[in-house]
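Have a look at the structure below before the remarks.
As the structure lists them, so they are numbered: ligands from 1, and atoms in each ligand from 1.
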Amino acid sequence: MSETLLILNGPNLNLLGTRQPEVYGRETLADIEGSCKQVASGFGVTVDFRQSNHEGELVDWIHQARGTAGGIIINPGAYSHTSVAILDALLAVEIPAIEVHLSNIHQREEFRHHSYISKAAKGVICGFGSLGYILAIQALTAELRAAQQQKMAN
Ligand code: DQA
């Protein structure tokens with residue numbers, strides 16, 4: 001399987017490592033990118049890892065993933081709780097997506113309990129810190145393999 005997984009990170013995640021470490025841990029986004037790339041290569045997939053503080057840029061990247069990425073892993077940050085635009089983009093491209101949050105959003109403030117993005121996600125992983133990204137890579141590659149086997153059987 002030579003697939004690319006697009007891993008998108010939303011606003012403020014560029015500050016990981018120094019941003020509320022008691023909530024988000026001490027790893028930087030570059031650390032997480034490194035672990036994702038290492039684990040992905042073990043699964044035979046490539047990772048395109050990006051971060052933006054701008055909603056429209058995330059929407060553009062989701063559109064561009066059509067035809068280039070087999071799956072999307074997204075930590076939309078605060079846009080999880082506000083962005084119908086990112087939800088619509090994910091629904092439009094029909095690429096299997098997994099939503100990841102470092103923190104357990106259900107244990108936090110009420111406004112974090114709802115995510116618009118979940119409606120477009122195959123699954124949601126939250127509360128495991130950066131391990132969530134690794135679990136998402138594992139889940140998405142398993143999904144992609146199952147879909148490929150299904151296609152070959154038909
Ligand atoms: C987050 C949770 C969001 O509520 C928050 O706005 C973030 C990070 C997480 O990874 O836990 O920026 O998505």
Is a side-chain N or O of E3 found less than 3.5 angstrom from the main chain of V45, in a donor-acceptor match?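 Side chain of E3 to backbone of V45: no pair is present.
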Listed by chain and number, what are the ring-ring contact (aromatic ring centres under 6.0 Å, His included) partners of Y24, not counting sequence neighbours? none
Measure from every N or O atom of ligand 1 to the protein's N or O atoms and keep only the pairs below 3.5 Å, writing each with atom names and distance to 0.1 Å.
| from | atom 1 | to | atom 2 | distance (Å) |
| --- | --- | --- | --- | --- |
| ligand 1 | 4 (O) | H81 | NE2 | 2.7 |
| ligand 1 | 4 (O) | R112 | NH1 | 2.9 |
| ligand 1 | 6 (O) | A78 | N | 3.2 |
| ligand 1 | 6 (O) | R112 | NH1 | 3.1 |
| ligand 1 | 10 (O) | N75 | ND2 | 2.9 |
| ligand 1 | 10 (O) | L102 | N | 2.8 |
| ligand 1 | 11 (O) | L102 | N | 3.3 |
| ligand 1 | 11 (O) | S103 | N | 2.9 |
| ligand 1 | 11 (O) | S103 | OG | 2.6 |
| ligand 1 | 12 (O) | R19 | NH1 | 3.1 |
| ligand 1 | 12 (O) | R19 | NH2 | 3.0 |
| ligand 1 | 13 (O) | N75 | OD1 | 2.8 |
| ligand 1 | 13 (O) | H101 | ND1 | 2.8 |

Are the side chains of [Y] and [X] in contact, using a 4.5 Å heavy-atom criterion?
| X | Y | answer |
| --- | --- | --- |
| I7 | D48 | no |
| N9 | E33 | no |
| T141 | L5 | yes |

Would the H114 and Y116 ring centres measure less than 6.0 Å apart?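 Between Y116 and H114, which both carry aromatic rings, the centre distance is below 6.0 Å.
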